[in-house]
2 protein chains.
Amino acid sequence: MLKTLDLQTIQKLIDRYIAVSFSVNKKGESMLKEQIGSDLTNDQHYMLRYIRQSGECTSTELAEVFEVNKSAITAIITRLSDKGLVKRKRDEADRRVVYLTLTEEGMDLFEKTEQRIHALVESIITKFELDEITSFIDTYEKLSGILTDLAHNQLGE
Amino acid sequence: MLKTLDLQTIQKLIDRYIAVSFSVNKKGESMLKEQIGSDLTNDQHYMLRYIRQSGECTSTELAEVFEVNKSAITAIITRLSDKGLVKRKRDEADRRVVYLTLTEEGMDLFEKTEQRIHALVESIITKFELDEITSFIDTYEKLSGILTDLAHNQLGE
DNA sequence: GTGAATAGTTAAACTGTTTAACTACCTTCG
DNA sequence: CGAAGGTAGTTAAACAGTTTAACTATTCAC
């Protein structure tokens with residue numbers, strides 16, 4: 001049953017799955033490591049995803065997207081670069097700027113990992129009805145959207 | 001409207017609020033600090049809550065409850081103890097055991113913080129209908145319960 | 001061309017976490 | 001009794017992710 005799940009819904013579920021199933025900072029003992037067999041933290045996986053998606057991006061952009069300090073990004077990228085997954089490339093037109101791209105290994109690892117997550121999530125999905133899942137996702141998004149808003153906009157004003 | 005919210009529902013909302021609104025490890029820049037004005041991390045607040053609730057508990061108990069290593073607890077408790085919020089007391093009957101209790105300051109800080117969270121959450125609550133909220137909570141719990149199960153029980157077996 | 005803005009890095013400090021080794025203290029059983 | 005093994009908790013080293021503050025390059029604007 002339930003073969004009609006569209007990719008978008010699956011992708012959302014994947015995100016929720018990664019986000020909810022384990023908190024971030026457990027020295028790599030994240031869901032990715034435990035169940036997917038990847039050596040990446042959830043955060044690192046997200047980074048790789050964003051960099052791949054954008055093709056080429058800057059630290060500042062990442063800092064804005066992930067709502068985090070630039071130094072935090074520097075640290076993460078350095079670790080990723082030490083693992084040979086991300087490459088830094090100076091912009092010769094504006095030499096302040098550094099572009100980040102995935103190396104081939106980075107690309108490979110990301111895609112392999114993503115596929116495994118995909119398979120895992122699909123195997124989960126078959127246990128539920130489609131509208132059950134979409135209702136989960138909707139509610140979850142509504143809820144966390146509200147709470148995030150509140151967290152950002154200093155409620156009570 | 002919506003004055004009929006029972007305490008239990010509010011408490012649940014508080015937990016969700018703390019859990020969802022900010023991820024844990026931002027050097028204290030958690031929701032508690034930003035909005036409540038407390039100097040505690042979310043994790044630290046949870047610790048205080050558990051210790052207060054149990055009156056007196058051990059590291060091992062905390063480690064089990066929070067599903068974390070005993071050394072992690074040692075570290076957290078040490079920091080809390082350095083702040084003067086938690087006290088260690090050796091069990092004279094079984095001298096291996098160390099009981100943890102809140103100091104008066106710990107108690108005060110916890111209660112003040114909890115009250116502020118309470119007030120904040122209540123001010124949020126009035127913006128929604130009761131059944132909207134309970135449906136949020138139910139769904140959220142169902143969803144994260146499922147995902148946590150999956151995360152623990154190595155799905156696909 | 002000097003002074004201000006921008007991109008990114010580095011350093012120090014902190015929280016939370018793990019693994020491995022260690023101390024101190026029971027318990028058990030020959 | 002006393003050695004062997006288990007239990008409670010700590011310590012040390014390592015790591016990920018953060019922040020703030022200071023710094024280096026580089027570009028821009030007037």
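To find a chain, count down the sequence lines: A is the first, B the second, and so on, and within it residues start at 1. All values below were derived from every heavy atom in this structure, side-chain atoms included, with hydrogens, water molecules and symmetry-related copies excluded.
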| message | What's A:Ala63 touching, base or sugar-phosphate or nothing? Going by heavy atoms closer than 4.0 Å. | response |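 Here A:Ala63 touches no strand at all.
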| Nearest heavy atoms of A:Ile51 and A:Leu100, plus distance in Å |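 Of all heavy-atom pairs spanning A:Ile51 and A:Leu100, the closest is CG2-O, 3.6 Å.
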| query | Short question: side chain of A:Gln44, backbone of A:Thr41 - any donor-acceptor pair under 3.5 Å? | reply | yes
| field | Among C:dA7, C:dT9, C:dG16, the one nearest A:Ser59 by side-chain distance | value | C:dT9
| message | Going by salt bridge (charged side-chain N to carboxylate O under 4.0 Å, His left out), name the residues that satisfy it together with B:Glu104, two or more places apart in sequence or in a different chain. | response |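 B:Glu104: no salt bridge (charged side-chain N to carboxylate O under 4.0 Å, His left out) contacts found.
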| More than 12 heavy atoms of other groups within 6.0 Å of A:Lys83 NZ |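 Enclosed: over 12 neighbouring heavy atoms sit under 6.0 Å from NZ of A:Lys83.
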Between the protein and nucleotides 28-30 of chain D, list every N/O to N/O distance that falls short of 3.5 Å.
none

| field | Where at least one partner belongs to residues 92-101 of chain B, residue pairs that pass side-chain hydrogen bond (donor to acceptor under 3.5 Å, both in side chains), sequence neighbours excluded | value | B:Asp91-B:Tyr99, B:Glu92-B:Arg95, B:Asp94-B:Arg96
Rounded distance (Å) that lies between atom [atom2] of [N] and atom [atom1] of [X]:
| X | N | atom1 | atom2 | value |
| --- | --- | --- | --- | --- |
| A:Asp43 | D:dG17 | CG | P | 5 Å |
| A:Asn69 | C:dG8 | CG | C1' | 12 Å |
| A:Leu100 | C:dA7 | CG | P | 14 Å |
| B:His45 | C:dT15 | NE2 | P | 18 Å |
| A:Arg90 | D:dT26 | CZ | P | 7 Å |
| A:Phe66 | D:dT18 | CZ | P | 10 Å |

| task | Output yes when at least one side-chain N/O atom of A:Thr60 is less than 4.0 Å from OP1 or OP2 of C:dG8, else no. | result |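 Result: yes.
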| field | Results of side-chain contact (heavy atoms from CB on, under 4.5 Å) for A:Asp108 - residues two or more places apart only | value |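 Applying side-chain contact (heavy atoms from CB on, under 4.5 Å) to A:Asp108 gives none.
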| Trace of the side chain to side chain contact (heavy atoms under 4.5 Å, CB included) decision for B:Ser81 with B:Arg88 | CA-CA 8 Å; B:Ser81 160; B:Arg88 290 178 161 107; 4.2 Å; yes
| note | Heavy-atom nearest nucleotide on DNA chain D taken for A:Lys70 and for A:Glu92; more 5' hit belongs to A:Lys70
| said: As an exercise, state the distance from CD1 of B:Ile117 to CD of B:Glu114, rounded to the nearest 0.5 Å. | reply: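 It is 5.0 Å, given to the nearest 0.5 Å.
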Let me check something: any side-chain donor-acceptor pairs from residues 56-63 of chain B under 3.5 Å, sequence neighbours excluded? List them with distances.
unit_1	atom_1	unit_2	atom_2	d
B:Glu56	OE2	B:Lys89	NZ	3.2
B:Thr58	OG1	B:Glu61	N	3.2
B:Glu61	OE2	B:Tyr50	OH	2.8

| In residues 74-88 of chain A, which residues come under 4.0 Å of DNA chain D by heavy atom? | A:Ala75, A:Ile76, A:Arg79
